[in-house]
2 protein chains.
Amino acid sequence: MDYDSGTFSHLPHQPVQASNRPSKIQDVARAAGVSAMTVSRAINHPERLNPETLQRVRDAIASMRYVPNALASGLRLSRARLVAALLPTLVGPVFQELIQSLDHALNQHGYQLMIGRTGYDAAQEADLIRAIIQRRPDGIVMIGMAASEEGRALLQASRIPVVETWDLTDSAIDMLVGFSHSAIGHAVAAHFIANGHRQLGMVSGDDARARVRVAAYAQAAQAAGLPEVTVAYTPAPSTLGGGRRGLAEILAERPEVTAVFCSSDTLALGALVEAQHQGLQVPQQLAVVGLGDQEFAKDTDPPLTTVRLDGTRIGQLAADMIVARTLDQPVDAPRVDIGFSITQRSSG
Amino acid sequence: MDYDSGTFSHLPHQPVQASNRPSKIQDVARAAGVSAMTVSRAINHPERLNPETLQRVRDAIASMRYVPNALASGLRLSRARLVAALLPTLVGPVFQELIQSLDHALNQHGYQLMIGRTGYDAAQEADLIRAIIQRRPDGIVMIGMAASEEGRALLQASRIPVVETWDLTDSAIDMLVGFSHSAIGHAVAAHFIANGHRQLGMVSGDDARARVRVAAYAQAAQAAGLPEVTVAYTPAPSTLGGGRRGLAEILAERPEVTAVFCSSDTLALGALVEAQHQGLQVPQQLAVVGLGDQEFAKDTDPPLTTVRLDGTRIGQLAADMIVARTLDQPVDAPRVDIGFSITQRSSG
DNA sequence: TTGTACGCGTTATCAT
DNA sequence: ATGATAACGCGTACAA
């Protein structure tokens, strides 16, 4: 007979636990009077077990709160059941719709989503990519990021499926789903021109994508014979305050501006606040158009006209691409332009 | 109007690579003419190597783009160098500041942060916790979440250090850093009363924490002999539109209300918009106070008076606690109340 | 239907 | 200073 010299536990409702460490598959096997393999099957192929045995094992798993070790199974299977999303910042709510739908779609297929932040710092980007690759995710989704040369090389060497999103670049690492920022710039300029505006302004972030939009917007105005557009750049990330200051700057420089395109809804909200503050009627004296069609756009005063980007669709497509790849299925369209539309409300 | 420029597809570009699979430590060893152990040491204990050998190995690592497999090392070491953060939503109020600082502090110690979303769905919570525990993180940070019974049991059985944040509950699973929601309710009521208000309203979310704040706020008003406060509940998550509708509801029910406490800055921004829309002067005719002191609070019109919560400090403390635990150091204060303050601006 | 042997890639330990 | 060995926990392949 064995006399355990161990300690006593006075915690209420503490399940019986053999030791101080979390249980592993072998512990469950012992408790259920079966081999480790039978426990493994109870989890992954329950239909192959005798119902009676299955129940015994399940009871043991539940009572011991056994949770399989994904490091071990991932190593064995070379599948981590994990997908990583890399983005510049969580602060801008622009990406949330995308993340949400990506997460949801991946969960349906038994994948978990891991989120990594680069913080707009290109120098740290390669380090983050390295850290992500270490976990051997089954796929990587890059959101609104341009990978550095080193980052691209790492991603390619890793053989991990990569989906770049948000930006419809010409040189995709692997797969791509996004929209054309230059088409957006043109479309908004055309929208203003069609509404009779001739003095255009723009409040914009100062990253590479934003510059593409600005250039297209300015070029469309020029092509229509309009005077040069006035641009105010704001530092990333986009904030309400940035929108206020951007609009104030434009109006100070050129008070005759009657239409302003803001490169995010947050900036546009700031522009609305500033216009209100300066006593300008929107849209009668000043038209404002945003970008993103975020949740709040419909509830501003006046409701915001904005460029709608279907983040949900991007997330869904990115998830589909990665899932197809991991199943070795062909990806019919590895490069997708999801386009955009202009949601017409009252602000411009 | 739609600007979908169509869907393009082309064959994925096949990158140049010697082999068809990512290289492992053995491949690097072969290339550098050393054993696998020497490569491992070059990465983890470079000082123990002959400088000449070290350089050879490093060159091989760089040229092959070798990235260690964290599943294998995590399995071997029982340390995943991973910390998980669980939260209801990314959209949330001050969560972003917290996440940012948590991520930053953990990176300093060589940990990576994994983010999991529950989406306010208590039913899925246990599943997410199970999915997280599977990865054997070195710590788990719960942000603004109340774990279900099953979730708590899983966390305890896992033996993983857990820090609950945001909410200063009485029954912590393990460690805790937060603030008292009931103290906040009292403080804001006292603030309004000190400013001469007697007709108080509140726009609030409808989760458990929010109800605690509401109860404390209402009780403080009652204790001061004020008429009963009018409360409008809005569904999660907090939105600008919810704030507008909440305030409209309160004013419709009791037009004599002169001060409204909103349980997030986003709701407060909506209240400001609605007040403006209804032609109410803030703060002369209606005082508005928010919660969170988010980035935009200082730039609203008028600037928002709000309850400041130091998310950065919470993240820092949570990281410290987890790091101490993984080093088997004692955690001097496993339960911390970081308090709050009222940032006085012009809105109330 | 259930069990045994082996290997996934890495690193601590011990040996040289 | 460097190498050989074993073990981390799990699941496939095969055997019973």
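Residue numbers start from 1 in every chain, and the chains themselves are labelled A, B, ... in the order their sequence lines are given, proteins ahead of strands.
At a threshold of 4.0 Å, the pair B:D27-B:R30 counts as salt-bridged, since one of the basic side-chain nitrogens sits closer than that to a carboxylate oxygen. A:D174 has no carboxylate O lying under 4.0 Å from a charged side-chain N of A:R159, or vice versa, which leaves the two without a salt bridge.
The separation between B:R135 atom CZ and D:dG9 atom P is 17 Å, rounded to whole Å. Across the protein-nucleic acid pair, A:I43 atom CD1 and D:dG11 atom C1' stand 11 Å apart, rounded to whole Å. Taking atom CD on B:E47 and atom P on D:dT2, their separation rounds to 13 Å, with Å as the unit. A straight line from CG of B:L71 to C1' of D:dG9 spans 12 Å, rounded to a whole angstrom.
Scanning both residues, B:G116 and B:L128, for their nearest heavy atoms gives C-CD2, 3.8 Å.
Residues from residues 48-59 of chain A with heavy atoms under 4.0 angstrom of DNA chain C, sorted by number: A:R48, A:L49, A:N50, A:T53.
In this structure B:D127 satisfies the side-chain hydrogen bond (donor to acceptor under 3.5 Å, both in side chains) test with no other residue, sequence neighbours excluded. Residues passing the side-chain hydrogen bond (donor to acceptor under 3.5 Å, both in side chains) test with A:Q124: none are found, sequence neighbours excluded. Not counting sequence neighbours, B:S78 has no partner by the side chain to side chain contact (heavy atoms under 4.5 Å, CB included) test. Partners of B:S63 according to the side chain to side chain contact (heavy atoms under 4.5 Å, CB included) rule, which considers only residues two or more places apart in sequence or in another chain, do not exist here.
Side-chain atoms of A:Y66 lie closest to D:dC10 of the nucleotides D:dG11, D:dT2, D:dC10.
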So which protein N/O to nucleotides 4-8 of chain D N/O distances come out below 3.5 Å?
from  : atom 1 : to    : atom 2 : distance (Å)
D:dC8 : O2     : B:R76 : N      : 3.2

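Note that the two end axes of the helix from C:dT1-D:dA16 to C:dT16-D:dA1 enclose an angle of 40°, each drawn from 5 base pairs, rounded to 10 degrees.
First and last contacting nucleotides of DNA chain C toward chain A (any atom under 4.0 angstrom from a heavy atom, 5' to 3' order): C:dT1 to C:dG9.
Proximity of a side-chain donor or acceptor of B:R325 to a complementary backbone N or O of B:P161 within less than 3.5 Å is not detected.
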Under 3.5 Å donor-acceptor pairs involving side-chain atoms of residues 66-74 of chain B, not counting sequence neighbours:
from  : atom 1 : to    : atom 2 : distance (Å)
B:N69 : OD1    : B:L71 : N      : 2.7
B:N69 : OD1    : B:A72 : N      : 3.2

Using distance only, find each side-chain donor-acceptor pair of residues 137-150 of chain A under 3.5 Å and give its atom names and separation, not counting sequence neighbours.
from   : atom 1 : to     : atom 2 : distance (Å)
A:D138 : OD1    : A:A80  : N      : 3.4
A:D138 : OD2    : A:R81  : N      : 2.6
A:D138 : OD2    : A:L82  : N      : 3.0
A:S148 : OG     : A:E125 : OE1    : 3.0
A:S148 : OG     : A:G151 : N      : 3.2
A:E150 : OE1    : B:R65  : NH1    : 2.6
A:E150 : OE2    : B:R65  : NH1    : 3.2

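Within the structure, salt bridge (charged side-chain N to carboxylate O under 4.0 Å, His left out) contacts touching residues 106-116 of chain A (residues at least two apart or in different chains) do not occur. Applying the salt bridge (charged side-chain N to carboxylate O under 4.0 Å, His left out) test to pairs two or more places apart or on separate chains, none has a residue in residues 33-43 of chain B.
In the model, A:T312 has a side-chain atom that pairs as donor or acceptor with a side-chain atom of A:E97 under 3.5 Å.
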